[in-house]
Amino acid sequence: MKHQNVIGIVDFGGQYAHLIASRIRRLGAYSEILGNDEPIETYSKLSGIILSGGPESVYEPDSPSLPVEVLKLGIPVLGICYGHQLMMKLLGGEVKKAGIAEYGRAALDFIDTPKTQLLKGFAGGEVVWMSHGDEVTRLPEGFTRTASSQDCEYAVVENPTQKWFGIQLHPEVTHTEKGSVLLENFVKISGAEGTWNLKQFLDLKEEELHSIVPADKKIFLLVSGGVDSTVSYLLLSRALGKDRVKGVLIDTGFMRKDEVASLQEKLSPQGIQLHVHDSSELFYSALKGKKDPEEKRKIVGNLFLQAQADCAKSLGLNADEWLLGQGTIYPDTIESGGTKHSHTIKTHHNRVEAIQKLMEEGKVVEPIKDLYKDEVRELGNYLGLPKEWTGRHPFPGPGLVVRMIAQEKPVEEAVQKKLDELVSSDQSLKAKLLPVASVGVKGDQRSYAHCAAISGDKTWDELDKISTAITNQISSVNRVVLFLGGLESFSKANFKFQPIDLDKKDSDILREADAAVEKVLQKRKIYDQIWQMPVVLLPLGSESGKRSIVLRPVDSQEAMTASFFRLEKVVLEELVSEVLKIPQIEYLFFDLTNKPPGTIEWE
C-alpha cells in the first residue's frame, strides 16, 4: 500500500516519538518513523519533517544529529524539544543547560497575538507540557521568537520564509491545550491532509499478520483481562481465525481481589475462552526478598515465560506449533529503551532479555505494539467490544508486584534541607522526605529518586504548583505526595521503613485496599472519569507490620503523559475512611505527581 504526502518523524529517542506519529495519523495524515541516518533521498520525498525529542543534550559530542542538508531541502520542518534545540544548533544558534528545568505544566506567553500559521487559533495563555533540562539561548539568523513560558524564553520560534519551526513544548501530548491544533496546522502547512484512517490500519495489520505468521503456526496469547490483551485476541482471531488463537491467563498471585473468576465470567460473552494456569507459588518463591524495581520486573518477565511453558506442557501442546502472543503497546517498548536513541525508563515484563531473544527468532507476535492506549480502545470499539470494557482502568502485566515498594532509600539530609528551604515561606505547609524512592522520567531519561511528602490545607491547583516546583527545583526528587491526615498529625507521624516481602500476606493487604478504593469509585459513579488509579503499598509505619497506602488517580489518554486527578473532597474523605479500616494500614497519601516527572506506576 503506497502513500503520498508522507510526514516523516525523525526519532532521536524521545519518549514521544511514536506518539507524534500517532497524533499525526489521528489527524488524517500518513506518517512514518525514520532514523536520523537515512539516505538524503528518503527525506527529500517527504511533505513534512518533524524532529522528535530525545534524552541527550545537543552540545554533547556523541549526541545524535542530522545532516544540515536535510533542513535545506525546502520541506517544512518542525523541531520538538530536542529536535528544536538540534535545529537551532545546526543552523547557527546556541543551546545550554537550562537555569531552571521545566517538567510538566507551563503556559504560553505571547508578546503580540501571533500571526504565524503554526499557532493559528492560539490566543496566549494556553497550558502546554514541558520536559527539558536544556534550552535555546540564542536564535539562528532569520528566526524570530513567537512565544515564551515563565522559564523558557524561546518556547516557540520560526523562520516563516524557510518554513522552519522550533517548539520546546510537546504538542503531541494531550495535556498540551491546542496541541492537536498546532500539529494540524503543521499538517496543513505540509499539504498532507486526508491520507490515513483506522480502517487502513486494520487492513495493513491483517495483511501483515498473514505474512509473518506461518500457516502451520498457532498463537499462544497471554491474556491479562485488560483492554490491550483482549483487543489483541480479537484482532488475531479476526486475521487468523479463532482456532489458531488460544488465550491463557497466568495467575501470578499478584492479581486483584477475585479478579480471575471475574475475568472468566466477563470475557466469555466476548467469545474469549480463557484457560487459567495457577503459578502463584512459582512467583511468590522467586520474588521473595527482592527489592530493586528493575530486578523485580525482569524476574516477572522471565517467570511468565516459564509459566507459559509449564502451561503448554500441562495442556499437551506441541511447542513447535505455537508462537507467543502478547498485548504489548508502544509505551511498553519505548520505556524499555526499545528504539535506537531511547533510554530505558523501566523494563516492562514483556521486554525482558529472554523475550527479546524470542522476538529476534521470530517467535513473538504483537499485533498492537505500535498503538497507544487511546488507539487500542478505539480499535476495541471498532472490533465490537462494549465501551464499558474498553474503558476499564489499565492494570500492569506484573500486577501488584510493581505496586508493592520493598526497597529502602534512606533520607538524605542535604535533600531534606533543600526541601525545607523551598517550603519555608509558607507556614501552613510542611514537607518531609520519605525513606522510599520511585521510578520517574525527566527529560526522556529514567530517574530513580526520592519521594517527598507534604501536608497543608491547599487547593488542588496550589498543590499542583507546589509539587511541580519541588520536582523542577530539586533534581533528586521525582515524586510528591500529600499526607491525608492534617498538619498536626503529619508533624507527629513516624514514617519509619518497615521491611516487606512480596508475599501473599502483603499482597492480600494491598488487594483489600485496592478493592476498597474501586468500590468507592463505582459507588460514587466516577470510575469512568478516572483514566487509571493505582493503589500503592509503602513499607512505612511507626512499628513493625504497619504499612502505608498511596492513592494515585490520574488523568491521561495514552500513558505517555498524565496529570493527577482532582478528586472531590467528599470522595477523598470516604476513600480515607474505607482504606484505614484495614488494620495494617497506618498512613495514607495522595500522589500529586504529573508525568513527567513521575511515571504512572511507582515502579
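All heavy atoms count here, side chains included; hydrogens, waters and symmetry mates do not. A quick note: this is a predicted structure, and the numbers were derived from the prediction, not measured.
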Practice item. Evaluate side chain to side chain donor-acceptor pair (under 3.5 Å) for Gln532 paired with His393, printing each intermediate quantity in order. Key: CA-CA 5 Å; Gln532 186 178 8; His393 286 189; over 6 Å; no
Residues [X] and [Y] bridged, charged N to O under 4.0 Å:
| X | Y | answer |
| --- | --- | --- |
| Arg547 | Glu586 | no |
| Glu578 | Lys519 | no |
| Glu601 | Arg403 | yes |
| Asp508 | Arg511 | yes |
| Asp503 | Lys288 | no |
| Arg392 | Glu259 | yes |
| Asp514 | Arg256 | yes |
| Lys290 | Asp501 | no |
| Arg566 | Asp461 | yes |

Review point. Run the ring pair (Phe, Tyr, Trp, His ring centres under 6.0 Å) check on Tyr103 and Trp129 step by step: do they pass?
Key: CA-CA 7 Å; Tyr103 300 106; Trp129 219 246; over 10 Å; no
Do [X] and [Y] have a side chain donor and acceptor closer than 3.5 Å?
| X | Y | value |
| --- | --- | --- |
| Thr328 | Glu366 | yes |
| Ser476 | His450 | no |
| Asp151 | Asn472 | no |
| Glu603 | Gln407 | no |
| Ser232 | Gln326 | no |
| Asp420 | Gln416 | yes |
| Asp134 | Ser57 | yes |

Where the side chain of [X] meets the backbone of [Y], is there a donor-acceptor pair that is under 3.5 Å apart?
| X | Y | value |
| --- | --- | --- |
| Asn594 | Pro596 | no |
| His170 | Glu172 | no |
| Arg479 | Thr599 | yes |
| Arg552 | Thr593 | yes |
| Lys432 | Phe490 | yes |
| Thr468 | Lys465 | no |
| Asn478 | Ser438 | yes |

Review point. Looking at Glu412, Lys417, Glu413, which one forms a side chain to side chain contact (heavy atoms under 4.5 Å, CB included) with Val415?
Key: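 In the set Glu412, Lys417, Glu413, the residue that makes a side chain to side chain contact (heavy atoms under 4.5 Å, CB included) with Val415 is Glu412.
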Check your understanding: Please walk me through it: do Val480 and Ile454 pass side-chain contact (heavy atoms from CB on, under 4.5 Å)?
Key -> CA-CA 7 Å; Val480 178; Ile454 62 174; 4.1 Å; yes
Review point. Are Trp460 and Phe564 close enough that their ring centres sit under 6.0 Å apart?
Key: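 Yes, ring centres under 6.0 Å apart.
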Review point. So Tyr284 and Phe254, would you call those rings parallel, tilted or perpendicular, with 30° and 60° as cut-offs?
Key: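 Geometry flag for Phe254 against Tyr284: perpendicular rings.
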Review point. Can you say whether the rings of Phe12 and Tyr82 are parallel (under 30°), tilted (30 to 60°) or perpendicular (over 60°)?
Key: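 Plane angle between 30° and 60°, so tilted.
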Practice item. Mark yes when over 12 heavy atoms from residues, nucleotides or ligands other than Lys546 sit less than 6.0 Å from its NZ; otherwise mark no. Key: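 Result for NZ/Lys546: enclosed.
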